[in-house]
Protein chains: 2
Amino acid sequence: MQLSNSSQYAIRILAYMADQKDSKLMNATELAGALYIPYKFLTKIMTELVKVGLVVSIRGREGGYKFEKKTSEIMVSDILDIFNDSIKDEQCVLGIGFCNGLCKCALHDQWMEPKLLLQRMFRESSLEDIAGRGCKI
Amino acid sequence: MQLSNSSQYAIRILAYMADQKDSKLMNATELAGALYIPYKFLTKIMTELVKVGLVVSIRGREGGYKFEKKTSEIMVSDILDIFNDSIKDEQCVLGIGFCNGLCKCALHDQWMEPKLLLQRMFRESSLEDIAGRGCKI
DNA sequence: TATTAATTCTACCTTTAAGTAGTAATTATA
DNA sequence: TATAATTACTACTTAAAGGTAGAATTAATA
Ligand code: SF4
Ligand code: SF4
């Protein structure tokens, strides 16, 4: 039970970018070096973030990445959605089809509360909220 | 963010067995049929459950599986442990090494509460607690 | 004892996640 | 305009999860 590597990397990359002053352009080499993420894998992830519209890229010399929207408007769940890692309302903890709330699975009652807290954590935490917190990057 | 297929299957199998009366022997064909789990994959999982000591198997004609311990003494987390799916105390939500509680990652503060509830759900729910709950099996 | 019904073992196949390599396209600057 | 520094694209490789096939082993029973 954990987030995929792609999701973890993406959150760390964007939280790091959000922590930089004056929204300066950051390039893949800097990011990969600072966060210890394999360069080629990072560029692959960044291209997805660009495609989905979270960040914009400037190609060519002196290029790099910057945010498309304000960091207060990008939620962690927006990032997880890209990698199919967020917790959907209809997701059954035991994987028995879809959750309609009527016909329960064995773990339903125990699952509801942690599920809600996880969803809240993902949906209500913006990049602004988490940027610069903690010493690990 | 979800449990592996193996974990989901194993919980469903054991919860179903725990719901049967008088701890009768159940064989792989019955279980696979009742739970719509691929027979061959189920037997692979069952063999792991036997090796780890949660259930015992009787081989040969009229054989099958039954519990080794009381269902009140088998916790969901015991099952998840087998498939490396439980949430460890030192597990970082962003995968930045191990969690020592001192040097935090960006999501640390938001992660602590859902993490605790998930761990409680897994560690404090026994098979007896969840057997027979809900209509989905 | 032969048959049958069951688990176990070994090996393989398929799909997805994770990561790598090389090149093309783009753009600022010397 | 040539060069260097950057992202994007295509394709590949590796590792892990998920799943399958077949034969070996075991034991009750006819
Ligand atoms: S039972 Fe609970 S967990 Fe399973 S599907 Fe319905 S709601 Fe989701
Ligand atoms: S920071 Fe929070 S989440 Fe990251 S490792 Fe430490 S405790 Fe775990």
Distance col, row B:M112:CE vs B:L117:CG, nearest 0.5 angstrom, shows 12.0 Å
Test for a donor-acceptor pair under 3.5 Å between the base of [N] and the side chain of [X], counting only N and O atoms.
X: A:R59; N: C:dT27; answer: no
X: A:K44; N: C:dG19; answer: yes
X: A:K40; N: C:dG22; answer: yes

Once you apply a heavy-atom cut-off of 4.0 Å, does [X] come out as touching a base, just sugar-phosphate, or nothing?
X: A:Y9; result: sugar-phosphate
X: B:Y65; result: sugar-phosphate
X: A:T43; result: nothing

To the nearest angstrom, how far is [X] atom [atom1] from [N] atom [atom2]?
X: B:N84; N: D:dA16; atom1: CG; atom2: C1'; result: 12 Å
X: B:F41; N: C:dT14; atom1: CZ; atom2: P; result: 17 Å
X: B:F83; N: D:dA17; atom1: CZ; atom2: C1'; result: 12 Å

Any side-chain to backbone donor/acceptor pair from A:Q110 onto B:S125? Under 3.5 Å, distance only.
no
Please determine whether a side-chain nitrogen or oxygen atom of [X] lies at a distance below 4.0 Å from atom OP1 or OP2 of [N].
X: A:T29; N: D:dT6; answer: no
X: B:N27; N: C:dT7; answer: no
X: A:S57; N: D:dT7; answer: no
X: B:K51; N: C:dC9; answer: yes
X: B:T47; N: C:dC9; answer: no

Any Lys/Arg nitrogen of A:E113 or B:R120 sitting under 4.0 Å from an Asp/Glu carboxylate oxygen of the other?
no
Salt bridge flag under 4.0 Å for residues A:R133 and B:D109:
no
The nucleotide from D:dA27, D:dG19, D:dT7 with an atom nearest the side chain of B:R61 is D:dA27
Which of the following nucleotides, D:dG18, D:dT7, D:dT20, is nearest to the side chain of B:P38?
D:dT20
5'-most by nearest nucleotide on DNA chain D - A:M26 or B:E62:
A:M26
Intermediate values then yes/no, side chain to side chain donor-acceptor pair (under 3.5 Å), B:N27 and B:E62:
CA-CA 8 Å; B:N27 68 45; B:E62 301 293 300; over 6 Å; no
